[in-house]
Amino acid sequence: MKKLLLLLFVAIIQVTSAQETLDLNYYLPQNITYDPNIPKPSDVIGHEVGEWHVTHDKLMFYMQTLAKASDRITIENRGETYEGRPILLLTVTSPKNHANLEQIRQSHIALTDNNGNTAALDNMPIVVYQGFSIHGNEPSGANAGLAYAYYLAAAQGPAIEELLDQEIILMDPSFNPDGLQRFAYWANTNKSKNLNPDGNEREYHEVWPGGRTNHYWFDMNRDWLPVQLPESRARIESFHKWMPNILTDHHEMGTNSSFFFQPGEPTRVHPLTPKINQELTAEIGTYHAKALDKIGSFYYSEENYDDYYYGKGSTYPDVQGSIGILFEQGSSRGHIQESDNGLLTFPFTIRNQFTTALSTIEAAKNMRTKILSYQRDFYKDTRANAAKSKTKAIVFGDSKDANKAWHLAEILKRQKIKFHELSNDATINGISYKKGNSYVIPMDQKNNRLIQAMFEKRTSFTDSLFYDISGWTFPMAFNVDYSELSSLTNAGPEITDFNPLAGGADAMSNYAYLFEWNEYYTPKALNTILNKGIRAKVAKAPFSVEGKQYDYGTIMVPVQNQELDAKALYDFLNEVAQESRLKITGVGTGLTKGIDLGSNDFDPIKKQEVAILVGDGISPYDAGEIWHLFDQRYDMKITKIDTEYFSRVDLSRYTAIIVPSARGSLDKKIAEKIKEWVKNGGTAIGYKNSVEWFNKNELIKLTLKKDSLLAKNISFEQKEKFFGAQETGGAIFEAKLDRSHPINFGYKNNTLPMFRDTNVYIEPAKESYNNPIQYTNTPLLSGYISEENLKLLKNSVPFQVNRMGQGRVIVLTDNTNFRAFWYGTNKLLMNAIFFGQSM
Ligand SMILES: [Zn+2]
């Protein structure tokens, strides 16, 4: 024991002294000189790299200072995060290249176009995009950026000069500014003078929701393809502007791990990624290995991580002639932590990231022409295949929801995929497409593979393990109609001027106004109307009036007996329609075919006041998606109530409370409180894993289907893979809809693709009218699910509602708001909120 204590004492002394003597030389290559006119990080931010966790504002201040001091660096601000932080990018290259930068860029882009086939590669610089800490609480990357940028600016001698002549380095110092700031605050405020490596120390246990995510708790490293968030939008713009040859993404993993670099698992690469891509990744890997050997750091590759979902930073480039590389460093989380590999210090983790940032540009220099020709050949092949493709175009649209289709087109626009107007209204494969609500994508274009990556359906796989989702077919996520075309006859002019759609109220009425519920922004409009104190009702049956058909869920606003007079009401609704980009129709009579406007089949709709349970026990991703949907899309107020003080809150002011997916079980007292409130007229909505908790606490009575899977002929070694294969990481399934049920108002088709990433399966209710959403007999549309789980899923139901006292309890096993790009099912949640009382 004494010996152990002594050993520990020695270790702590060493740690402390390592911190005291910490200086920049710990990171930098030592055999070269550095320009004394370039300010070191500590000169600017007031502490050594690795001594404290750099906050985003200090990081930006250093980069700006560096750009001023160095003729190798320029800096640009590409926008701001939700919290108003700048999204900066450094361009680093020789002063000579800087003087000629736009010319270099154009020649580089030409390499991927037809006219680049003959370009000489001998003097063409290679483009490397290096990004850091997209997960804010994986900070070694962003902190390494301080030393790395200093090195690029200050290192002297022919080696670095030659390198900068041959490379354009795009350095993105912080992929996730808001998350980095949040984590730096946590780690720094908990730091002790005597660094404490005890894993129980608070410093290593961030409070909910942690710094991994951005402001609305999104995992930013899943948004490279859907581009719904401001940070990704800036980044993807830079990507297409430069078409980098290599893109690196510096992360952290568990404290007991060493260092990982790609390639990952060879069987888990997306089939659209060429084989050579992985071979080049492996060759680049030899540079990382050599550099890490030199400083004595351990590492591994070809394990754990996959290269499958194109929404991740290290996979996204692979479908565009570029090479994406994932780095994962075992995390010290705070400043120092005990680990299986001894004491893991923050500076040590920073040094590994710094070292591989350097080995990346070393590899890029040595493999320059090889990688440039790979990119050229990639586009040559893509063009050749695109020209041969039997499918000449894809048409997509929604004849009743122009905005949803517009938002899918917006993604194409951001991904530099060309698309056209639909020339005329047309019926294709039995589906009617409306001009203005539909778009045509020609397949014969440069980004053909990216189109495939977005639109393809895949249901067979070489592996059954997925690091992330296995299905993301975009037209299904948007629930738009789409068809493959064998010619371009339906294509009108290419859309180059792409603006948000216009809305408005067509004419003033003295009787009533109507709008169907299908358009994407109708919940925003309805919410504004109700907040103004205007009465509105919802139609529980279809009808037609003045020559126009109106479907289930049509909203009716009467003119008489309102707070506003007829003229003021028209002006108000006209403004609402413009802001929500929809059309509102005034009618002069209540006499219709079908239900008359005075019928009891129009239900009054209550003004909504919605709360959401957040905090410990709740999945921050699911909660953040809902918060974002309300706040950013629909401009609806939503009150976030923390599980920590939920029991002390008076709930009487709320009309609906959402319980996002729970991690494990929530406090029983929360369930009791919700139950009392429901009985008095509230609508409680439970998602995904919370459905089990609702059931257990008798908020609803469900029969859940369970698998009885037993391992047979599975060895100990195969155990992980066996259970992994039973996970539903995220795939798309077809459900059939009873469109007369209020949960389905605003849906025009009888089927709906739904996204699910849980294994909660509900038996259908005995009465068929209580199963308005039910999976079909062959539900798998796209993605992976095990045979056993598919059996459970068939004909089960993702939705149930229970009447309790005056209120309703609603459960949904699927994620209707997945990662801000599942536009197709957002309306289910809005229906639960606005029409819950009609169910
Ligand atoms: Zn990460």
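We count ligands from 1, going down the list as the structure has it; atoms in each ligand are counted the same way.
A salt bridge does not link R268 with D307: every distance from a Lys NZ or Arg NE/NH1/NH2 to an Asp or Glu carboxylate oxygen is 4.0 Å or more.
Of all the N, O or S atoms in H251, the one closest to the Zn ion (ligand 1) is ND1. For E138, the N/O/S atom at the shortest distance from the Zn ion (ligand 1) is named OE1. Shortest distance from the Zn ion (ligand 1) to H135 is reached at ND1 (N/O/S atoms only).
Side-chain N or O atoms of Q262 include none that pairs as donor or acceptor with a backbone N or O of T281 at under 3.5 Å.
Within 6.0 Å of OH in Y185 there are 12 or fewer heavy atoms belonging to other residues, nucleotides or ligands.
Listed by first and then second residue, the salt bridge (Lys or Arg N to Asp or Glu O under 4.0 Å) pairs involving residues 210-230 are E138-R212, R212-D219, D219-R222, R222-D468 (not counting sequence neighbours).
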